[in-house]
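Each remark here refers to the structure printed beneath this line.
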Amino acid sequence: MSEIVKKYCNSLTEYSRYKTREVKIGDVPLGGNNPIRIQSMTITDTMNTIATVEQTIRMVEAGCEYVRITAPSMNEARNLENIKIELRARGYTVPLIADIHFTPNAAELAARIVEKVRINPGNYVDKKKFEQFEYTDQEYLEELERIRERFTPLVKICKEYGTAMRIGTNHGSLSDRIMNRFGDTPLGMVESALEFVRICEDLNYHSIVLSMKASNPQVMVQAYRLLIQKMEEEGMNYPIHLGVTEAGGGEDGRIKSAVGIGALLEDGIGDTIRVSLTEDPEYEAPVAISLANRYKSRQNHKPIKIVLEIPIDPITYKRRETFEVMGIGGGNVPVVIADYSSKEISNQKDLADIGYKYDEPSDKWYLADAAADIIYLGKQNIKFELPENLKLIINYDAWQKLDSKKLRFPILTKDEYLKNKSLSDQINFLKLKLNELSDEISEKIRNDRRLVLVIETDNEHGMAEQRRFFFELINREIKNPVIIKRDYKNITLDEVRLYSSTDFGGLLIDGLGDGVWLSTETGKSETDKSSKLTFVKESNEKFINRTLFGILQATRARISKTEYIACPSCGRTLFDLQETTEMIRKRTEHLKGVKIAIMGCIVNGPGEMADADYGYVGSGVDKITLYRGKDIIKRSVPSSQAVDELIGLIKEDGNWSDSSENNIS
Ligand code: SF4
């Protein structure tokens, strides 16, 4: 028997790549049986041939197999020829991709020069935004006809020159027509691309690659899944380009990218990856390579029992229904567990790493927004008075021997749980693996309203095994809250960050999980040499706590800090986006829940700010336009004043605070 999956991947329990057709892009084919390809985009001015060539070479040396270059007008499109000639002269044959928005003429010229063009179906023909909100069927058809007329010449040129094309939808820049008919939804994103694909197919052109990017990983994952469902229905099998757009930089950018891209790679989806970071593009490839490498031998994983009924809808978010046990599950945000089982906590200061600052003179605790909720101590105990909201988990044996059990709760193995009657009357934790979920234990768990499950896995295909565990719970109508636990051994901290983002994120975006617990024995505690992130000597606990809160933020399961939606910048950017983003971050990073977009250009930026509360958008040399939501508030603000003006706007709206710490006792 095979799994009944409304098809968006081969299997939810057995890893295999979803097979697409092969598309030739220069001499580096994509899709089919080819490996997952790595790519990125230059951020130099395309008119600066040498700077673009040199950046391209750095990207190739870092592992890029395709390089995309923006061509906002005919001049840049024309200069792609000089860039290509110079690269070939220097011995680099990397296929080039022209990035087009709004300018069909530039696309038609570029398609004669480079190996692939990327068009955005939301703005290839449609120039006006937010102008027409009502479409009759007749008007809709007339627009499609207009698109066909304007798009057909490009398709014919691509056919003639053997040029491939990516039809790349962005969640933030859907046309008015699509917004009217389908809304700002994954279905709208998919239809936006398929309108163009159908025209290509009518013209018998199939060298197509598709992408469905969004800055919200949840929307992005749903859109890619739906794309595959729709392709299956229409008998299409085009290769898939994965990316989370406007992910930002640093740790948050990596976490967001790994959540979205990783969740899809886990299900075998994706033929090429671009990780977009607000950093120099040569730093993107190592992240993408690290994500892709994880699947090289994945098909040898231990078998996971197939599931005949998939109890969740992969296209619509719905949190798994649970009852609440002492603030875990129910309507509560997922909790974060800090693992101190192999490290002693001797005084109050030790808790600063996980968000608890102790002020000795006043004997008060100050709690950060990203403070862990529970500490796992193994066999140990903490001798001092705890902040009142903090719980401790202690191994059952040691817990039984405690004199005072206040705020201390046991964690049990399956055998301990089945044998023992003497448990906490408030909350107990049970560690379980999928193969331990027997009928006997299911029955006992289901009726135990004080029990929280901690699910573990040692399967290489661990996210799928833990997801299978959730399916089993849903199918058996077990509603206990679940904490997802993962252990990583002998990998770098950069890998821990990316892999945990994938493994936790892949579950959280489907509404699975009421808590997260990560432990790592870092044999290698340094970061990768290829990473831009500078290694700051800090404890594992601090790193893990920050990573877990970052994952919860990226999946929007729990908001504990400011959200930045920053474009990666490109040849259109007229200011130093990395420096500006950093400057804005430094002054606003304590504004929990506020979303700030920092976009390089006024042409695409406003459309792609997604659901940001505020926008800081480059609109000319030394000129910034400030937005509140989608509304322009101030135009042409000199850069030197723009950050202050942005903060003024946030203050005006009552969204400003001076500190992110709360006094709790
Ligand atoms: S929003 Fe940023 S990446 Fe996109 S076109 Fe403008 S400057 Fe380039």
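In listed order, ligands and their atoms are each counted from 1. The basis for the numbers below is simple: all heavy atoms, side chains too, and nothing from hydrogens, waters or symmetry mates.
Applying the side chain to side chain contact (heavy atoms under 4.5 Å, CB included) rule to N216 yields the partners Q218, V219, R556; only residues at least two apart in sequence or on another chain are considered.
In this structure, Y614 has its ring center no closer than 6.0 Å to that of Y627. Taking the six-membered ring for Trp and the full ring otherwise, the centers of Y124 and F102 sit at least 6.0 Å from each other.
For the pair R181 and Y135, the cation-pi criterion (under 6.0 Å, within 45° of the ring axis) is not fulfilled. Judged by the 6.0 Å distance and 45° axis criteria, K116 is positioned over the aromatic ring of Y66.
E201 and Y238 share a donor-acceptor pair across their side chains, judged by distance under 3.5 Å alone.
Protein N/O/S atoms closer to atom 6 (Fe) of ligand 1 than 2.8 Å number 1 in this structure.
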